[in-house]
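The structure appears below as C-alpha cells.
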Amino acid sequence: MEKVLLIDDDEELTTLLAEYLVEEGFDVSTAHDGRAAIGKATSGSVDIVVLDIMMPHMNGIELLQRIRRQSAVPVLMLTAKGDDVDRIAGLNLGADDYVPKPCSPGELAARLRAILRRAGRYAPAPEILRAGDLVLYLASRVAEWRGKPLDLTGTEFSLLEVLARNAGQLVPKQDISKRAFGRALTPFDRRIDVHISSVRQKLGAREDGQSWIQSVRGQGYQLLQNH
C-alpha cells in the first residue's frame, strides 16, 4: 500500500481528500503546517508527498526546497488555479507534478498513481470501474459506453465516477460536489446540473425512453443499472 503524506492547512479539504485516497487504496497521513511536516516528508517512510503552496509559518515553496535538500521523495504540488509563478517555481525546484485547486479527488488519485509509476514505487492493480455497460479506466481517465469510447471532459469523468461507484443508489448533490469537485456545494450552485445534462446527452436514452441518470429534485442523482 503506497504511503501518501498530505500537507495542507485546510483541514476540511485535507479530510475530504484523505478519505477518498484511503478508499482508493492509499495509506494516508496528514499535516497542516510546513514546520511540522518537514520531518515526516524526509523520514523515508512515505512514498509521495502532496504539498499545498499556501500555508502558514512555512509556505510550500520553502518546504519543497528543504525537502529536496534531504530527500528525492516524489512531490505533487497543489497550486491556486492560474498561478503560473508558483507552479513554475515548484517545478523548477523539483516538484514532480502539480494540480490546481480546487481539484477533484479522482484526478488527484490518478496523478499520484502516474507519478508513482514513473518513480518505480507503484505496482498497479487493475484500475477499472464497471457499472453495467459503463467502463471507467481510472488511471488513464478514459471511459467506454456500450463497448465504444465515451468522450468526457475531466469534470464529467469525475462526476460519472462518483455515480458509477454508487450505481443504483441515490447520491446526494453535496456528496457529488465534494467527491467530484473537491468542494462543498454552495447555494444556487448549478454546476452539477449543467454537467449532468451534458453526460445524459452523451449516454443517450434507455430503451424505455428514460435517462440513464435519474434525479430526485433538490436531493441528488442516481445512475441506473441495466435491466
Side-chain angles (χ1 to χ4, degrees), residues 1-32 34 37-38 40-55 60-61 63-64 67-68 71-81 83 86-129 136-143 152-162 164-165 178-183:
M1 183 179 292
E2 291 69 33
K3 294 178 171 59
V4 178
L5 174 59
L6 183 55
I7 309 171
D8 195 316
D9 63 315
D10 186 336
E11 296 190 20
E12 182 178 357
L13 177 62
T14 302
T15 298
L16 169 67
L17 294 177
E19 289 177 350
Y20 183 89
L21 292 176
V22 167
E23 291 178 1
E24 289 291 303
F26 293 97
D27 181 358
V28 182
S29 58
T30 61
H32 305 296
I38 185 65
K40 293 181 180 179
T42 58
S43 65
S45 62
V46 297
D47 295 304
I48 192 167
V49 174
V50 178
L51 176 58
D52 183 32
I53 289 282
M54 300 299 295
M55 290 189 297
I61 294 297
L63 179 54
L64 176 60
I67 290 173
R68 282 292 169 257
S71 173
V73 63
V75 175
L76 183 147
M77 305 290 291
L78 297 178
T79 66
K81 188 174 183 180
D83 194 339
D86 282 341
R87 186 180 75 242
I88 293 170
L91 292 172
N92 284 337
L93 288 170
D96 295 85
D97 200 355
Y98 73 93
V99 175
K101 295 173 68 177
C103 64
S104 76
E107 180 182 0
L108 178 61
R111 295 287 189 102
L112 290 174
R113 291 191 178 102
I115 295 171
L116 289 167
R117 277 195 297 269
R118 292 197 299 267
R121 297 180 179 227
Y122 181 58
E127 298 165 8
I128 301 174
L129 177 60
L136 299 179
Y137 298 90
L138 303 180
S140 58
R141 295 179 69 77
V142 170
L152 299 172
T153 67
T155 298
E156 290 168 352
F157 186 98
S158 296
L159 190 153
L160 199 50
E161 178 187 347
V162 174
R165 289 184 182 278
K178 287 181 178 179
R179 293 187 173 276
F181 305 140
R183 62 171 67 173

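What you see is a predicted model, and the numbers here were worked out from it, not measured in a lab.
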So, for Val49 and Ala41, which heavy atoms are closest and what is the spacing to 0.1 Å?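 Result for this residue pair: CG2-CB, 4.1 Å.
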
Would you call Arg179 and Glu23 a salt bridge, using N to O less than 4.0 angstrom?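 Looking at Glu23 together with Arg179, the answer is yes, because their closest N to O distance falls below 4.0 Å.
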
Can Lys101 and Asp10 be counted as an ion pair, charged N to O under 4.0 angstrom?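 No, Lys101 and Asp10 are not salt-bridged.
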
With Leu112, which of Leu76, Val99, Asp47 fulfils side-chain contact (heavy atoms from CB on, under 4.5 Å)?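 Exactly one pass, corresponding to Leu76.
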
Going by the side-chain contact (heavy atoms from CB on, under 4.5 Å) test, name the single residue among Val28, Ile48, Asp27 that passes it with Lys3.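 Among Val28, Ile48, Asp27, the one meeting side-chain contact (heavy atoms from CB on, under 4.5 Å) with Lys3 is Asp27.
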
Leu63 vs Ile38, test: side-chain contact (heavy atoms from CB on, under 4.5 Å). Steps then yes/no. CA-CA 7 Å; Leu63 179 54; Ile38 185 65; 3.6 Å; yes

Compare all side-chain heavy atoms of [X] with those of [Y] and state whether any distance is below 4.5 angstrom.
X	Y	value
Phe26	Leu6	no
Ile53	Ile61	yes
Leu129	Arg165	yes
Arg141	Glu161	yes
Tyr98	Leu51	no

Within this structure, what is the CD1-OG1 distance for the pair Ile7 and Thr14, rounded to the nearest 0.5 Å?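 Answer rounded to 0.5 Å: 10.0 Å.
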
Mind running side-chain contact (heavy atoms from CB on, under 4.5 Å) on Glu19 and Val22 for me, showing each step along the way? CA-CA 5 Å; Glu19 289 177 350; Val22 167; 5.9 Å; no

Taking side-chain hydrogen bond (donor to acceptor under 3.5 Å, both in side chains) as the test, write out the residues that go with Arg111, two or more places apart.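 Arg111: side-chain hydrogen bond (donor to acceptor under 3.5 Å, both in side chains) contacts with Asp97, Glu107.
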
